[in-house]
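Each remark here refers to the structure printed beneath this line.
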Amino acid sequence: MDYQKIFSNIVSQMQSFKDSGNLANYIPELGNVSPQKFGVHLVTIENSNYNLGDSAEKFSIQSISKVLSLTLAFEIEEENLWKRVGVEPSGTPFNSLIQLEHDEGIPRNPFINAGAIVVADILVSHLQNPKKEFLEFVRKLSGNSTITYSDIIAESEKSTGYRNAALCNLMKSFGNIKNDIDVVLDFYFNLCSIEMTCDELAKTFLFLANYGKNSITGDKIISTSKSKRINAVMQLCGLYDEAGEFSFKVGLPGKSGVGGGIVAVHPGKYSIAVWSPRLNKKGNSNKGMKFLEEFTTATESSIF
Ligand code: GLN
């Protein structure tokens, strides 16, 4: 498949696409990114690479990191993990507090902020040095030892992270946060601050396109069963209250972040990462979603 040509065709076809939406300036540093940036990178499980635009520029992966923290926590906790966080779509915004009280502090899934904060708490409980060990894990997944946190972004988010603090406090009141709130939030803000290029992001997620094994590095990261389950949760919850729309239009398991990135995988075929910072009302990349829709249409590669 000539993915390179398909990328160029879609970009010229989308020239008239109106890229509306705002940057995630509730995290002040994210408001400083150029809104017109656009990059895409696809890597096949045979390690063929295709890219276009600003695909080699770093950006804040934000909630995309939640898939990586979930992967590590699932390895550590096995099935016990699901006692503390569910696998159901929430149908609510990523930072919503509403369901959490009703659900007695058990978040619907690991990709809404509440769920990712519980996963962060689990990692804080198990790891001696959570920041260091999580970064080592991400570097192993990506096959790239230069990936790191952005202290500036983490600090920026911490300075305005009132809703996340509220979610964490509410869950603590229900007994679903075991560690000190400040320690858990600090780790959560840091894991959201990881920066990657589209190229690095696509490669980092290759293990989920290849049944748990990174086909570039040869590392078996997780079992086939866990890989399928993580993809299932991405399919149903990866884009929050727009997960239905994403399944409907793109048809791949995917995960978004408020830095404007979206990563999606086609098991047995490829991993693709796209970046465009303007967000729609649900906090997902506006142009990124449209590009992926056009891409799976042109390549007839929705999983359905
Ligand atoms: N760090 C962001 C937050 O907690 C992540 C949100 C996102 O990317 N959807 O609000």
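Whatever order the structure lists ligands and atoms in, that order sets their numbers, starting from 1.
Pairs passing the side chain to side chain donor-acceptor pair (under 3.5 Å) check and including a residue from residues 243-253, sequence neighbours excluded, read Gln235-Ser247, Glu245-Lys249. Applying the side chain to side chain donor-acceptor pair (under 3.5 Å) test to residues at least two apart or on different chains, the pairs with a partner in residues 253-267 are Tyr240-Lys255, Ser256-Asn284.
A cation-pi arrangement is present between Lys287 and Phe38, with the terminal nitrogen or guanidinium carbon under 6.0 Å from the aromatic centre and inside a 45° cone about the axis.
Lys226 and Glu78 are joined by a salt bridge, as a carboxylate oxygen and a charged side-chain nitrogen come within less than 4.0 angstrom of each other.
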Take Ser301 and Tyr270 through the test side chain to side chain donor-acceptor pair (under 3.5 Å) and record every step on the way to the result. CA-CA 10 Å; Ser301 64; Tyr270 61 74; 2.8 Å; yes
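Listed by chain and number, Tyr26, Gln62, Ser63, Phe94, Asn113, Glu157, Asn164, Tyr188, Cys192, Tyr240, Gly257, Val258 each place a non-hydrogen atom less than 4.0 angstrom from ligand 1.
Every residue was checked against the salt bridge (Lys or Arg N to Asp or Glu O under 4.0 Å) condition with Asp54, not counting sequence neighbours, and none meets it.
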